[in-house]
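Everything below concerns the one structure shown next.
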Amino acid sequence: DAMVIQNPRYQVTQFGKPVTLSCSQTLNHNVMYWYQQKSSQAPKLLFHYYDKDFNNEADTPDNFQSRRPNTSFCFLDIRSPGLGDAAMYLCATSIIAEKLFFGSGTQLSVL
Amino acid sequence: GDSVTQMEGPVTLSEEAFLTINCTYTATGYPSLFWYVQYPGEGLQLLLKATKADDKGSNKGFEATYRKETTSFHLEKGSVQVSDSAVYFCALSSGGSEKLVFGKGTKLTVNP
């Protein structure tokens, strides 16, 4: 029944070792988002896709990249994770911002 | 830029108590306002929304009224249950944007 699926649920990586987080959707929504959520902080938008159009937030570090090979899948690539990148990463989809559908998130730990 | 400010948590209540979680916003134009809820181990879910001034959003016994004069969208529930224990996020979108701006979230714990 899950409509926005994030894998894995928990990801452990080493300092500086590239890591990829995955998101898939069965809703056929044209907009997909990646948010970073640190403990006791607001979810912070990293970037989003409107169809194939990539929209990067001005303050998203260059270390973070994204790919959307088709409507259903979206990936978050962290090229050289630092300790400060440990967080929950949330994927969401929508048709318009009136209602976002979130996945359960991937908790990233950096050792 | 646009921003949302929520009351600091955590909030701990007894079952059947009255709940208010304050939310104020700063935005250009006339934003749409939302409350999202995150139950333990799950993603965020839309709880309710209001798209113009004086609108009242409601769902599952929760209500919030869009107050343009005070730039507020406070969440209320008359009688909370243990199952309402979760983190509640206030959010806005403005200018027809497909982006949401979230508050920091307020953790609610309801004890039997």
Side-chain angles (χ1 to χ4, degrees), chain A residues 1-10 21 23-27 29-60 74 87-107, chain B residues 1-11 21 23-27 29-52 55 57 59 66 73 86-109:
Chain A
D1 289 324
M3 295 177 286
V4 181
I5 304 164
Q6 290 189 245
N7 285 308
R9 183 73 178 88
Y10 300 94
L21 309 183
C23 178
S24 64
Q25 57 144 333
T26 59
L27 298 164
H29 286 169
N30 56 341
V31 188
M32 293 188 78
Y33 310 79
W34 281 104
Y35 281 87
Q36 180 192 61
Q37 184 182 18
K38 294 187 177 181
S39 181
S40 302
Q41 295 185 23
K44 178 181 178 296
L45 182 63
L46 295 174
F47 23 61
H48 73 283
Y49 279 91
Y50 193 105
D51 293 322
K52 289 186 179 294
D53 292 335
F54 177 69
N55 298 272
N56 198 31
E57 294 301 298
D59 57 354
T60 298
C74 195
M88 175 72 81
Y89 290 88
L90 300 170
C91 175
T93 73
S94 76
I95 298 175
I96 55 174
E98 295 296 306
K99 184 173 183 178
L100 268 63
F101 292 79
F102 283 84
S104 297
T106 294
Q107 183 68 50
Chain B
D2 297 346
S3 66
V4 175
T5 303
Q6 284 183 240
M7 66 183 284
E8 294 282 331
V11 174
I21 300 178
C23 171
T24 58
Y25 66 89
T26 302
Y30 303 98
S32 295
L33 301 173
F34 308 86
W35 278 99
Y36 276 78
V37 59
Q38 186 175 29
Y39 298 103
E42 299 183 14
L44 280 72
Q45 305 171 28
L46 179 64
L47 179 61
L48 53 84
K49 68 178 184 180
T51 57
K52 60 183 187 296
D55 269 2
N59 186 25
Y66 189 142
F73 193 55
V87 182
Y88 293 82
F89 293 90
C90 187
L92 68 82
S93 69
S94 61
S97 168
E98 62 269 11
K99 300 191 295 185
L100 281 187
V101 175
F102 286 92
K104 289 186 177 182
T106 302
K107 183 176 181 179
L108 169 67
T109 300

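So you know, we letter chains A, B, ... as the sequences are listed, proteins then strands, and number each from 1. Just so you know, these numbers use all the heavy atoms, side chains as well, and skip hydrogens, waters and symmetry mates. Bear in mind the structure is a predicted one, so any value in this text is a computation, not a measurement.
Within a 6.0 Å radius of CZ in A:F54, more than 12 heavy atoms belonging to other residues, nucleotides or ligands are found. Atom NZ of B:K52 has 12 or fewer heavy atoms from other residues, nucleotides or ligands within 6.0 Å.
Under the 2.5 Å cut-off for SG-SG separation, A:C74 and A:C91 do not qualify: their sulfur atoms lie farther apart than that.
Heavy atoms of B:T51 lying under 4.5 Å from chain A belong exclusively to its side chain. For A:Q6, no part sits under 4.5 Å from any heavy atom of chain B, backbone or side chain. Contact of B:Q38 with chain A is made through the side chain alone, with heavy-atom distances under 4.5 Å.
In terms of heavy-atom pairs under 4.5 angstrom with chain A, the leader among B:A91, B:G105, B:G9, B:G103 is B:G103. The candidate from B:V101, B:L44, B:V87 with the greatest count of non-hydrogen atom pairs under 4.5 Å with chain A is B:L44. Comparing A:E57, A:Q107, A:K44 by heavy-atom pairs within less than 4.5 Å of chain B, the highest count is held by A:E57.
Side chain of B:Y66 to backbone of B:P31: a donor-acceptor contact under 3.5 angstrom is found.
Test B:Y88, B:Y36, B:Y25, B:W35 against B:F102 for ring pair (Phe, Tyr, Trp, His ring centres under 6.0 Å) and you get one pass: B:Y36.
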